[in-house]
Amino acid sequence: MVQTVLDSGRVSDLSAIRGVYLKAFRIMLLARLLEEKLASLYRAGKMHGGVFIGRGQEALSVSIGLSLREGDIFAPLIRDQAGRLAFGEPLLDAVRTYFGSVLGPMRGRDGNVHRGRPRQGLLPMISHLGAMIAVVNGALLARRLKGIQGTVGVASVGDGATSTGAFHEALNQAAVERLPLVLVIANNQYAYSTPNSRQFACASLLDRARGYGVEGHGVDGTDLIECLRVVGQAIARARAGHGPQMVVAELLRLCGHGEHDPADYVDPQLKNSRLGRDCLKVAEEFLLEHGWADATSLAEWREETQRTVEEAIAQVQREPTPDPFKESWVALSSRHLCETHEEEVPNPGADI
Amino acid sequence: MSITYLEAIREAQARALAEDPRVFIYGQDVGAFGGAFKATKGLAQEFPGRVIDAPISEDAIVGLAVGAAIEGMRPIVEIQFADFSTVAFNQIVNQAATFFWRTNLPCPITVRLPCGGTLGSGPFHSQTMESVYAHYPGLIVLTPATVEDAYSMLLEAVAIDDPVIFCEHKLLYYHLKAETLPTEALPVGRARIAREGRHLTLVAYSAMVHEALAAADELKTEGWDIEVVDLRSVKPLDTDTVMASVARTGRLLCVGESWPWGGVTAEVITRVASEGFALLDAPPARLNAKDTPVPFHPNLWAAHRPTARSIAAAARKLLRQ
């Protein structure tokens with residue numbers, strides 16, 4: 001949908017994308033308000049572990065989720081709350097994983113951004129950057145071996161991951177196999193505190209696409225329309241059999257690496273540049289400018305979304321957290337091959 | 001007709017490919033070339049599109065296998081030498097091994113590791129990695145010592161719903177032979193009494209089983225009956241069979257080709273000492289490779305790893321106690 005509306009190379013008929021744009025905006029708003037709530041709970045000491053948010057990256061992220069279809073593969077990174085929602089991850093998955101609810105997909109065994117629904121193509125990230133790209137390749141190769149056509153896989157990474165061996169190995173692998181991989185790089189200028197200047201020496205990360213023999217697409221990550229167009233186009237090209245695609249979005253992380261990080265190392269000049277624009281504000285202004293929303297509807301949406309977030313948090317806070325006596329403590333699916341001594345399990349869980 | 005350990009591995013893969021459309025093989029040089037050791041000889045021709053050459057990217061090779069397994073496939077990965085699996089270590093221990101625990105979705109990959117020392121192979125083509133991988137939860141680690149086990153355990157590895165590290169010993173590839181392929185086998189997780197005896201239990205696995213058997217032959221001429229237990233799989237570890245053997249002999253010597261700090265031999269000793277202390281007539285002992293990288297020159301290499309002679313010497317010492 002998105003790609004067929006926006007793949008002409010320029011947006012000539014704005015009214016045609018009004019529906020997609022509004023949908024994207026509402027998801028971005030939900031992601032933003034959810035993450036602001038999680039951040040405030042973190043500051044209040046109510047969270048286990050860290051909180052990692054995607055403030056400033058929602059436009060790029062939502063464009064991934066909306067450009068993918070059911071049956072596609074998506075390996076999100078830590079700043080992809082908007083993309084996850086757009087891809088179909090239930091809001092409760094995020095909240096439940098942060099709170100460790102046993103009703104969530106990770107059941108307290110893993111937390112926060114480390115969640116997924118692999119059966120639905122949503123892969124749960126490990127912390128090692130670049131490691132998910134090859135896993136997406138594998139899912140895509142499996143589809144090919146099974147004779148399934150038209151599937152696309154997106155792996156989402158940041159500028160920091162481009163320095164890893166895993167990134168290189170996997171992108172090269174995808175190129176050799178000519179897999180329908182779309183690698184979306186959010187260049188948010190800092191990997192934790194390390195600026196681009198200490199991360200890579202090429203003029204633009206986009207230069208790398210040519211070296212791998214894949215198609216490259218640059219995009220202003222603060223502009224929702226551009227993100228929808230460029231990400232949609234890259235995904236459409238991968239789906240059409242043009243091999244791996246690399247998207248490099250230029251933007252700025254408008255938060256710390258995690259909520260523990262005040263990010264006082266961010267160059268104020270960057271904050272004041274075009275890169276430092278808040279994509280949500282840019283989208284709001286666009287809506288007002290084109291008369292697709294007015295101040296009243298924006299306020300109503302915000303209020304309604306806030307309510308959705310509060311309800312989700314309240315619901316999950318009442319849900320059971322993991323009980324070590326009900327935990328199976330079994331890391332193998334082949335239970336009979338597990339080394340765990342049965343006498344050490346007073347009450348094996350029934351969840352396997 | 002006879003079949004080698006290496007041919008058994010090739011035949012097991014051929015059978016897995018023939019019987020299960022979910023199986024495919026991925027690794028460096030495994031395609032038309034047939035693999036560095038020829039463990040996939042002819043398979044690319046026999047099963048077009050299902051035996052796939054990979055770039056030299058161990059991390060991405062195992063990562064791809066994980067992704068395919070999530071999608072319901074049964075990938076067999078060949079890492080050219082076990083030593084190179086360190087490059088894939090992250091994907092093995094952090095991606096594959098944690099996947100079921102985290103998601104409740106099985107991750108059935110088989111990672112074949114040609115392991116162990118051979119003449120003149122040096123520090124980076126000789127390592128045994130079973131102790132390292134056995135340390136991690138979520139992995140099964142198999143160490144076949146016979147042609148029959150190489151065949152049946154590899155087939156079982158592919159059928160198991162979890163990541164399996166399949167340690168095949170390069171020293172056994174060509175010279176170890178059997179008359180035919182087995183039609184039945186002990187299941188994974190069960191050790192085997194390779195030789196019955198009553199004076200001392202020698203626990204070994206992989207190529208060390210053959211050194212242990214040779215040591216037992218030597219000791220037999222001196223009047224000692226040595227029982228040799230072939231662990232077959234180091235994880236899960238068949239403590240019961242080891243314990244029952246020690247109950248018969250009262251003495252335990254555990255032999256491994258990997259390094260001495262921690263590892264499989266230490267684990268066996270720990271279990272016997274803590275759960276079967278009363279069965280022991282002498283302190284349990286173990287013999288491993290020396291605590292240095294694996295040396296290149298045959299003179300040094302032969303002295304680095306346990307051999308029939310050094311095992312027999314260690315056993316004599318223990319028998320005198």
Side-chain angles (χ1 to χ4, degrees), chain A residues 73 75 105-107 109-110 114-119 121 123-124 126-128 130-146 148 151 153 164-177 179 328-341 351-352, chain B residues 21-22 24 26 49-50 52-73 75 87-88 90-91 94-109 134 136-140 159-164 187-189 233 235-237 239 275:
Chain A
I73 311 289
M106 312 313 276
R107 300 150 295 142
R109 290 178 173 185
D110 207 343
H114 297 279
R115 60 180 194 270
R117 289 180 176 263
R119 283 186 176 86
L123 302 180
I126 66 169
S127 299
H128 304 63
M132 298 309 297
I133 307 168
V135 180
V136 175
N137 290 347
L140 295 172
L141 187 79
R143 300 284 175 94
R144 177 186 289 171
L145 290 170
K146 289 193 272 190
I148 299 169
T151 296
T164 66
F167 171 95
H168 165 74
E169 287 195 7
L171 182 51
N172 180 63
Q173 176 184 60
V176 168
E177 283 296 335
L179 294 169
S328 68
W329 299 112
V330 168
L332 293 175
S333 141
S334 320
R335 210 183 166 103
H336 65 289
L337 295 177
C338 198
E339 282 262 304
T340 306
H341 300 289
D351 60 334
I352 302 297
Chain B
R22 301 171 301 174
F24 72 98
Y26 190 51
R50 295 171 65 197
I52 305 168
D53 282 324
I56 303 178
S57 301
E58 286 83 1
D59 179 288
I61 288 170
V62 176
L64 179 144
V66 170
I70 293 170
E71 287 290 311
M73 303 297 284
V87 182
N90 184 45
Q91 296 287 4
N94 287 314
Q95 196 90 262
T98 66
F99 197 82
F100 171 74
W101 163 262
R102 297 163 72 229
T103 65
N104 233 8
L105 186 66
C107 182
I109 68 170
Y136 278 85
L139 297 175
I140 288 167
I160 286 173
D161 277 341
D162 292 288
V164 178
V188 160
S233 78
K235 193 171 190 180
L237 185 61
T239 314
E275 295 166 38

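Since we're looking at a predicted model, the values are computed, not measured. Each chain gets a letter, A, B and so on, in the order its sequence line appears, and its residues count up from 1.
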Student: Contact part of B:Pro137 toward chain A, heavy-atom cut-off under 4.5 Å: side chain, backbone, both or neither?
Tutor: both
Student: With a 4.5 angstrom heavy-atom cut-off, could you sort out which part of B:Val62 is near chain A: side chain, backbone, both or neither?
Tutor: neither
Student: Search all heavy atoms of A:Leu141 against all heavy atoms of B:Phe24 and return the closest pair with its distance.
Tutor: CD2-CE1, 3.8 Å
Student: Between B:Asp162 (side chain only) and A:Ser334 (backbone N and O only), is there a donor and an acceptor less than 3.5 Å apart?
Tutor: yes
Student: At a 4.5 Å cut-off on heavy atoms, which part of B:Leu139 comes close to chain A: side chain, backbone, both, or neither?
Tutor: backbone
Student: Please report the shortest heavy-atom distance between A:Ser333 and B:Asp161, naming the atom on each side.
Tutor: OG-CB, 3.4 Å
Student: For B:Ala54, is there any backbone N or O sitting under 3.5 Å from a side-chain donor or acceptor partner on A:Gln173?
Tutor: no
Student: Let me confirm one number: the CZ-CZ distance from A:Arg115 to B:Arg102, rounded to the nearest 0.5 Å.
Tutor: 12.0 Å
Student: Between B:Val66, B:Val188, B:Asn94, B:Ile140, which shows the greatest number of heavy-atom pairs under 4.5 Å with chain A?
Tutor: B:Asn94
Student: If you count heavy-atom pairs under 4.5 Å between each of B:Ser57, B:Pro21, B:Cys107 and chain A, which one has the most?
Tutor: B:Ser57
Student: What is the minimum heavy-atom distance between B:Asn90 and A:His128, and which atoms define it?
Tutor: OD1-CD2, 3.0 Å
Student: Give the minimum heavy-atom separation between B:Glu71 and A:Arg143, together with the two atoms involved.
Tutor: OE1-NE, 2.6 Å
Student: Based on non-hydrogen pairs under 4.5 Å, which of A:Ile126, A:Asn137, A:Asp110 is most in contact with chain B?
Tutor: A:Ile126
Student: Check whether more than 12 heavy atoms from other residues, nucleotides or ligands sit under 6.0 Å from atom CD1 of B:Ile56, and answer yes or no.
Tutor: no
Student: Heavy atoms, side chains only, cut-off 4.5 Å: are B:Ile160 and A:Leu337 in contact?
Tutor: yes
Student: I need the residue from A:Ala142, A:Ala139, A:Gly116 with the largest number of non-hydrogen atom pairs under 4.5 Å to chain B.
Tutor: A:Ala139
Student: Looking at CD of A:Glu177 and CG of B:Leu64, how far apart are the two atoms once the value is rounded to the nearest 0.5 Å?
Tutor: 7.5 Å
Student: What part of A:Pro118 is in contact with chain B, defined as an atom under 4.5 angstrom from a non-hydrogen atom: side chain, backbone, both or neither?
Tutor: both
Student: Report the distance from atom CD1 of A:Ile73 to atom CD1 of B:Ile70, rounding to the nearest 0.5 Å.
Tutor: 8.5 Å
Student: With a 4.5 Å cut-off on side-chain heavy atoms, are A:Glu169 and B:Val87 touching?
Tutor: yes
Student: As an exercise: rank A:Val136, A:Leu145, A:Val176, A:Ile133 by heavy-atom pairs under 4.5 Å with chain B and give me the winner.
Tutor: A:Leu145
Student: Rounded to the nearest 0.5 Å, what separation is found between the CE atom of A:Met132 and the CD atom of B:Gln95?
Tutor: 4.5 Å
Student: Using a strict threshold of under 4.0 Å (side-chain N to carboxylate O), is an ion pair present between A:Glu339 and B:Lys235?
Tutor: no
